[in-house]
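Inspection log for the structure reproduced underneath, given as structure tokens.
Lettering of chains follows the sequences in order, A, B, ..., and the numbering in each one begins at 1.
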Amino acid sequence: MTHHATSQATPTVSSTIPGEFRPVEQAAPQRDGTVLMIEAYAFVWMILMIFVLTGYLRQRRLDARIARLESAIDRVIEREQP
Amino acid sequence: MHVLMKSCASARSSARLLDIAFVSLLTLATLGVLITVHLIFLRTPVEAQMGIVQKIFYFHVPSAYAMYLGATACFLGSTAYLFRISDRRDALARAGAEVAVAFGAVVLATGPLWAVKAWGHYWTWEPRLTTSLLSVLVYVAYLLLRSFGGGGEGERKFAATLGFLGALNLPLIHFSVRKWSGQHPEVVTGQGGGLQHVDMRITFIIAMLTFTFLAGTLLWFRFRLWSTEARLRRLEKEALEFNVGEES
């Protein structure tokens, strides 16, 4: 028990404390392939969804403007008819 | 009166047929996407050397092909427009450029994610990558011109010329690897042995078909959008003659 307490109190000094940082030689740091694939897949659908959504919103805006103009022209034609 | 009613009825029925064709294409594209995703993630084997990251190939290459389809549509619309001015031809060219940029963005996003694993870096100025980037930038320039050019006839003709000349880079992308021997793999068309497993080949073929339907659907969708805008412009001119606005 006494021996255990003494060993806990004594700080251990490791002989492998790094004194320098060296890069991996002849190899680039590797990224996880699964994460890369998920990122690529997410990019595909994000880009296509943005493309579809912007088109859909613009189409709705144009349709609404056309409907307003057509009804305005129709009203004028009706007024001018005897 | 009878003739007018008949022509109105035939226009309505052809519009209905077009709607049915569009919905059919959309359905095919949606089904294709579901099947492709299933095949890529649940059926196709993992590649021996590269591991799971090789699966990017199944949507990277079809996206490049879809970019070609969009660029071809832009080229056809632009060339036809230069021969005879028409709103529909202009709409086709613009829709094609948009599809080319959307799928080009997919190619430029997915390619580097594969490259960082395979080559150890995201980007290198090798021939196929450089010519692909150049092509996407041409169509980005086309769209910027269309957005900020003012909408006049001069802008449309200039854009049509850009759409025509921009297509000249497309064969360069394809043959750049053979001509300048870059790093880019040539699994599909080269001598490298191609896809070694039958499931890899099936997935690739289905993915190519799916992206064809997807590009067709998006092209049609944007073509309708720009045709509607042309119709709005004509209607605005008509409204000016009646001296009415949208709020009248």
- Item | Residues in residues 18-28 of chain B near chain A [non-hydrogen atoms, under 4.5 Å] | none
- Query: Is chain A contacted by the side chain of Trp226(B), its backbone, both, or neither, given a heavy-atom distance below 4.5 Å?
  - Reply: side chain
- Query: Which value, rounded to the nearest 0.5 Å, describes the distance between Met37(A) atom CE and Ile56(B) atom CD1?
  - Reply: 7.5 Å
- Quick one: of Val33(B), Leu214(B), Leu113(B), who has the most non-hydrogen atom pairs under 4.5 Å with chain A? Leu113(B)
- Message: Working to the nearest 0.5 angstrom, can you tell me the gap between Thr110(B) OG1 and Phe43(A) CZ?
- Response: 9.5 Å
- Message: Rounded to the nearest 0.5 Å, what separates atom CG in Leu69(A) from atom CG in Leu235(B)?
- Response: 5.0 Å
- Message: Quick check on Ile47(A) against chain B: is it the side chain, the backbone, both or neither that has a heavy atom closer than 4.5 Å?
- Response: side chain
- Can you run down the ring-ring contact (aromatic ring centres under 6.0 Å, His included) pairs that involve residues 53-72 of chain A, sequence neighbours left out, and say none if there aren't any? none
- Message: For chain A, which candidate among His60(B), Arg222(B), Gln54(B) shows the most heavy-atom pairs at distances under 4.5 Å?
- Response: Arg222(B)
- Straight-line distance of Thr228(B) OG1 to Arg58(A) CZ, nearest 0.5 Å: 10.5 Å
- Query: Can Glu70(A) and Arg231(B) be counted as an ion pair, charged N to O under 4.0 angstrom?
  - Reply: yes
- Message: Counting heavy-atom pairs under 4.5 Å with chain A, which one of Glu229(B), Glu241(B), Arg224(B) comes out on top?
- Response: Glu229(B)
- Message: Looking at chain B, which one of Val52(A), Leu62(A), Ile50(A), Ile77(A) has the largest number of heavy-atom pairs inside 4.5 Å, strictly under?
- Response: Leu62(A)
- Could you tell me which portion of Leu48(A) (side chain, backbone, both or neither) has an atom closer than 4.5 angstrom to a non-hydrogen atom of chain B? side chain
- The reported gap from CZ in Phe221(B) to CZ in Phe51(A) (rounded to nearest 0.5 angstrom) is 8.0 Å
- Residues of residues 38-52 of chain B contacting chain A, heavy-atom criterion under 4.5 Å, by residue number: Phe41(B), Ile52(B)
- Query: With a cut-off of 6.0 Å (strictly less than), are more than 12 heavy atoms of other residues, nucleotides or ligands near CZ of Arg233(B)?
  - Reply: yes
- Note on the structure: Output for pair (Leu36(A) CG, Lys55(B) NZ), nearest 0.5 Å, gives 15.0 Å
- Among residues 92-109 of chain B, which ones touch chain A with a heavy-atom distance under 4.5 Å? Glu98(B), Val99(B), Ala102(B), Phe103(B), Ala105(B), Val106(B), Ala109(B)
